[in-house]
Amino acid sequence: MEKIAYLSLAVILSLGLVSPLFFASEAAAQQEQEQQEQEAAQLPISWENWRQAKAEAEKYDQEGDYVRALQYYLEYIRQAEGLGRPDIVAWGKNNAAYMIIKQHKQDSTANLEPAKKLLEEGLSLAEATEDCRARLQSNLDYVKLFIKD
């Protein structure tokens with residue numbers, strides 16, 4: 001009977017040491033699987049996917065869901081880059097930054113640094129149209145009111 005008690009205690013102790021390792025490796029495996037699924041879910045580059053991203057971004061913008069709109073504008077940018085259209089990339093960067101600005105207008109604690117980066121990147125594109133440059137600069141001027149260099 002005493003041997004069974006010691007054996008039970010040894011099993012319980014070993015499970016106590018092994019289970020944290022098991023759960024840690026399980027969490028790492030789950031994180032890796034989620035990353036693989038996310039990469040697999042990335043849409044191929046096409047005009048249709050660009051149009052879809054644009055439509056979804058505009059829809060969520062109109063609904064006031066600026067976080068979701070931002071996600072679709074980032075896809076819009078990725079698609080435009082893949083299509084080799086830096087003029088459209090510039091507009092996408094402006095629009096994505098503007099979603100961050102809208103978030104900031106709702107909640108002044110929203111971080112404007114990503115908007116600043118997007119706007120500066122958009123301005124650095126030689127193919128950006130005059131109208132786009134004017135909007136990028138206007139939005140950058142707004143952002144700089146709140147970010148001290």
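Numbers here are sequence positions counted from 1.
- Side-chain polar atoms of Gln79 and Glu75 form a donor-acceptor pair below 3.5 angstrom.
- Scanning both residues, His104 and Ala110, for their nearest heavy atoms gives CD2-O, 3.4 Å.
- Counting all heavy atoms, side chain and backbone alike, Ala90 lies closest to Gly122 at CB-O, 4.1 Å.
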query = Taking it one step at a time, do Arg78 and Ile45 satisfy side chain to side chain contact (heavy atoms under 4.5 Å, CB included)?
reply = CA-CA 8 Å; Arg78 193 182 75 78; Ile45 303 299; 3.6 Å; yes
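- With rounding to the nearest 0.5 angstrom, the OH atom of Tyr66 is 14.5 Å from the OH atom of Tyr60.
- With rounding to the nearest 0.5 angstrom, the NZ atom of Lys59 is 12.5 Å from the CG atom of Asp61.
- For the pair Ala96 and Leu70, the tightest heavy-atom approach, listed with the atom from each and the gap, is O-CD1, 3.4 Å.
- By the 30° and 60° cut-offs, the orientation of the rings of Tyr73 relative to Tyr76 is perpendicular.
- The distance from the CG atom of Leu43 to the CG atom of Asn49 is 4.5 Å, given to the nearest 0.5 Å.
- Tested against Trp91 for a side chain to side chain contact (heavy atoms under 4.5 Å, CB included), the candidates Ile77, Leu136, Asp131 yield a single pass: Asp131.
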ask   = Given Asn139 and Ile101, is the side chain to side chain contact (heavy atoms under 4.5 Å, CB included) satisfied, shown in steps?
value = CA-CA 8 Å; Asn139 286 330; Ile101 290 169; 3.8 Å; yes
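- The heavy-atom pair separating Ala69 from Met99 by the smallest distance is CB-SD, 3.7 Å.
- Taking CG of Leu123 as the start and CG of Leu118 as the end, the distance is 11.0 Å to the nearest 0.5 Å.
- In terms of heavy atoms, Leu145 sits closest to Lys148 at O-NZ, 3.0 Å.
- Side chain to side chain, Gln103 and Asp107 fail the donor-acceptor criterion of an N or O pair below 3.5 Å.
- Taking the side chain as every heavy atom from C-beta outward, Ile88 and Leu83 never approach each other to under 4.5 Å.
- In plain terms, the two heavy atoms of Pro86 and Leu125 that are nearest each other are O-CD1, 3.6 Å.
- Here Cys132 contributes atom SG and Lys93 contributes atom NZ; the two are 11.0 Å apart, rounded to the nearest 0.5 Å.
- Between Glu121 and Lys117, at least one side-chain nitrogen of the basic residue sits less than 4.0 Å from a carboxylate oxygen of the acidic one, meeting the salt-bridge criterion.
- Side-chain atoms of Arg85 and Trp47, non-hydrogen and from C-beta on, do get closer than 4.5 Å to each other.
- To the nearest 0.5 Å, the span separating OH on Tyr72 from CD on Gln52 amounts to 7.5 Å.
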